[in-house]
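Take a look at the structure below.
From a predicted model like this one, the values you see are computed outputs, not experimental measurements.
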Amino acid sequence: MAVGEVDVLVVGGGVVGAGAALDAVTRGLSVALVEAKDWASGTSSRSSKLIHGGLRYLEMLDFKLVAEALRERALLLQRIAPHLVRPVPFLYPLTRRIWERPYAGVGMLLYDTMGMTSVLPRGVPAHRHMTRRTALAEAPGLKPSALVGAVRYWDAQVDDARFTLSLVRTAASYGALCASGTRVTSFVREEGRVVGAVVQDVETGRERTVRARAVVNATGVWTDETQQQAGGNGSLRVRASKGVHLLVPRSRIAMSSGLILRTEKSVLFVIPWGDEHWIVGTTDTDWTYSKEHPAVSSGDIDYLLEHVNTVLASPLTRDDILGVYAGLRPLVSGEAEQTAKLSREHVVARLQPGLVAIAGGKFTTYRVMAEDVVDAAARELPYGVPASSTKDVPLAGAEGYQSVVRRKTVLAKRYGLAPERVERLVERYGTLVTEVLELAAEDSTLGEPLRGAPGYLRAEIVYAATHEGALHLDDILTRRTHIFMETKDRGLAAAEEAARLVSAPLDWDGARVDEEIYRYRQRVEAEQEAGRQPNDRRADAARMRAPGFGDPQPARMG
């Protein structure tokens with residue numbers, strides 16, 4: 001990156017920054033992408049894991065936002081990332097007789113219609129009205145008194161962390177220079193123009209200057225801080241809204257569809273996650289504490305349990321909770337007093353000559369956001385730039401996905417694994433699954449389940465370090481896999497074996513292995529302690545007792 005000058009330097013390795021890097025490099029521009037920690041380590045790995053138009057925005061008459069999101073949903077499902085984005089059904093319980101069914105029906109019909117494009121079908125089935133009896137047959141875990149009928153509709157689900165990683169890997173495959181563990185310490189200005197940034201290798205402390213014709217600030221909830229670092233007052237103001245999610249066993253709620261409920265503040269989802277879990281979320285509250293480590297309080301947990309239990313025949317308790325996580329939505333500040341009322345539309349601004357920023361938006365529309373900010377960056381360049389082409393660019397693992405799906409039984413026999421195991425691997429890696437399986441073929445012990453997290457193969461842990469840029473135990477257990485949120489002990493039983501598996505590819509000695517395990521344990525214990533605190537202030541104080549997980553060595557791609 002420090003050799004010569006790139007056309008575009010993107011700061012921030014979340015879904016929007018990674019999307020911007022891919023957008024720019026596929027237009028033929030030279031691109032550098034830097035991320036201070038791990039890819040998707042902020043908001044982009046802590047979402048509700050939904051790709052959706054947003055029914056509540058439809059009710060708010062934000063038709064443009066909903067239509068845009070539904071078009072993107074169709075692209076993601078059918079062209080860009082079919083291995084990471086898949087359809088999921090939801091029940092919308094009706095609680096009022098006579099008027100609510102036609103009201104909801106009109107909305108669902110509009111939702112289905114807006115999901116159609118001139119190029120692609122919507123990619124999910126149409127909605128269906130259900131009587132109470134039919135709905136309870138599909139969801140016997142609901143109280144009969146909780147509904148008078150229901151509407152079933154479809155949206156889509158995404159593995160958010162792996163999706164963001166796939167964006168980075170795809171950008172790198174087109175020639176983008178991508179480095180995690182690389183922090184911007186200052187911006188370079190000449191004659192009133194931003195012409196690059198000084199970046200620091202967090203592991204070694206070494207600094208280099210990356211010169212760029214245009215710089216993109218895609219730092220999400222850190223937008224304000226990055227603006228100040230650039231030496232300007234800035235024109236964007238971002239409010240952080242905390243969204244908390246719980247994971248509970250699939251067996252605890254007898255349903256074959258997900259669930260969406262109204263609350264007094266927003267909506268609450270019960271979302272299928274694989275074959276073994278439900279995700280229950282989310283909250284939507286202002287967060288004014290550490291943006292790096294949003295904490296889940298006891299009050300957050302009580303809120304979610306209280307609301308979901310209003311409709312469950314067998315109420316959930318704290319003992320049912322396997323995992324928790326919290327993320328921060330970057331909402332562009334407005335006049336609304338509550339974050340739930342702020343628009344999710346994004347804003348692009350030219351902060352200074354040579355520096356543009358993007359804020360707001362939602363995961364579903366990351367590609368549109370990336371296109372818009374690269375359009376703005378292109379106006380900083382002294383020559384013309386082609387239009388975006390990312391609607392036609394499949395992500396790593398997507399090309400030929402249906403073919404590998406049809407071959408999963410053959411793959412299972414070839415590598416001596418259960419067909420269900422290979423199916424799960426295909427859903428995580430798409431056509432790249434053979435890279436993981438080849439590791440197991442070279443070393444048969446890597447084809448065995450990971451102790452403490454048998455839903456994952458030992459090969460997946462090694463692959464995270466050799467192919468996916470993981471630099472820390474936390475990267476592996478939280479984002480390359482989801483062991484942290486899917487296991488009752490937050491991955492502690494798997495931590496030692498995982499650390500030892502990656503010690504060779506990451507060149508860790510025994511002391512480094514022990515340090516990674518210790519820091520991961522610190523993180524788990526701090527988050528568990530935060531979950532026992534009654535409010536955000538005390539939860540944040542408890543969480544900050546373990547503020548970091550080590551200093552990563554930059555992962556180089558491209």
Side-chain angles (χ1 to χ4, degrees), residues 6-33 40 43-44 51 53-54 62 64-81 84-85 117-120 158 160 163-164 166-176 178 212-220 223 236 330 332 343-351 354-381 383-396 398:
V6 297
D7 292 317
V8 179
L9 167 63
V10 181
V11 182
V15 69
V16 176
L22 178 59
D23 187 283
V25 75
T26 51
R27 298 190 196 205
L29 301 176
S30 58
V31 178
L33 170 66
T43 302
S44 296
I51 297 295
D62 201 340
K64 178 183 176 183
L65 178 62
V66 175
E68 180 179 79
L70 290 174
R71 287 194 298 268
E72 293 302 306
R73 185 188 69 181
L75 281 170
L76 292 168
L77 277 166
Q78 299 169 78
R79 184 179 295 172
I80 294 175
L84 295 172
V85 181
T117 73
S118 59
V119 179
L120 288 172
V158 64
D160 52 4
F163 186 96
T164 304
S166 293
L167 281 169
V168 177
R169 293 188 72 180
T170 308
S173 74
Y174 281 92
C178 308
R213 295 181 178 89
V215 178
V216 171
N217 172 10
T219 53
T223 297
L236 293 178
V332 179
S343 172
R344 298 302 300 276
E345 290 187 274
H346 61 274
V347 175
V348 176
R350 184 180 193 244
L351 304 180
L355 175 63
V356 297
I358 185 159
K362 53 190 288 188
F363 197 108
T364 302
T365 55
Y366 84 90
R367 195 195 64 81
V368 177
M369 296 169 66
E371 178 180 341
D372 288 350
V373 78
V374 174
D375 282 346
R379 290 192 282 272
E380 302 294 320
L381 305 182
Y383 40 77
V385 175
S388 174
S389 63
T390 51
K391 64 181 175 61
D392 297 313
V393 177
L395 300 191

Determine whether Val385 and Leu29 satisfy the following criterion, side-chain contact (heavy atoms from CB on, under 4.5 Å), listing intermediate values before the conclusion. CA-CA 8 Å; Val385 175; Leu29 301 176; 4.0 Å; yes

Does the pair Leu22 and Val31 meet the rule for a side-chain contact (heavy atoms from CB on, under 4.5 Å), with working shown? CA-CA 9 Å; Leu22 178 59; Val31 178; over 6 Å; no

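Scanning both residues, Thr164 and Ser44, for their nearest heavy atoms gives OG1-CB, 3.7 Å. In terms of heavy-atom proximity, Ala218 sits nearest to Gly17 at CB-CA, 3.7 Å. Here the closest non-hydrogen pair linking Pro330 and Thr43 is CD-CG2, 4.3 Å. In plain terms, the two heavy atoms of Cys178 and Val168 that are nearest each other are CB-CG1, 3.9 Å. What you find for Thr170 and Pro394 is that their closest heavy atoms are CG2-O, 3.9 Å. Ala69 approaches Thr364 most closely through the heavy-atom pair O-CG2, 3.5 Å.
Between Leu167 atom CG and Arg169 atom CZ the span is 12.0 Å, to the nearest 0.5 Å. To the nearest 0.5 angstrom, Leu76 atom CG is 13.5 Å from Lys391 atom NZ. To the nearest 0.5 Å, the span separating CG on Leu70 from CG on Leu65 amounts to 9.5 Å. The structure places OG of Ser388 at 5.5 Å from CZ of Arg367, a figure rounded to the nearest 0.5 Å. Note that CD1 of Ile80 and OG1 of Thr390 are 6.0 Å apart. Values are rounded to the nearest 0.5 Å. Taken to the nearest 0.5 Å, the CD atom of Gln78 stands 5.0 Å off from the CG atom of Leu120.
Legend: salt bridge (charged side-chain N to carboxylate O under 4.0 Å, His left out) pairs involving residues 8-22, not counting sequence neighbours: none detected.
With sequence neighbours left out, Ala67 forms a side chain to side chain contact (heavy atoms under 4.5 Å, CB included) with Arg71, Met114. Under the rule for a side-chain hydrogen bond (donor to acceptor under 3.5 Å, both in side chains), the partners of Thr219 that lie at least two apart in sequence or sit in another chain are Asn217, Thr226. Scored by the side-chain hydrogen bond (donor to acceptor under 3.5 Å, both in side chains) test, Glu380 finds Arg193, Arg350 as partners (sequence neighbours excluded). Applying the side chain to side chain contact (heavy atoms under 4.5 Å, CB included) test to Ser30 and every residue at least two apart in sequence or in another chain returns Val6, Asp7. Partners of Ser166 by side-chain hydrogen bond (donor to acceptor under 3.5 Å, both in side chains), not counting sequence neighbours: none found. Partners of Phe163 according to the ring-ring contact (aromatic ring centres under 6.0 Å, His included) rule, which considers only residues two or more places apart in sequence or in another chain, are Phe363, Tyr366.
In this structure the side chain of Arg213 never reaches within 4.5 angstrom of the side chain of Val8, judged on heavy atoms.
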Name every donor-acceptor pair, under 3.5 Å, that has one atom in a side chain of residues 369-377 and the other anywhere in the protein, sequence neighbours excluded.
| residue | atom | partner | partner atom | Å |
| --- | --- | --- | --- | --- |
| Asp372 | OD2 | His346 | NE2 | 2.8 |
| Asp375 | OD1 | Arg27 | NH1 | 2.8 |
| Asp375 | OD1 | Arg27 | NH2 | 3.0 |

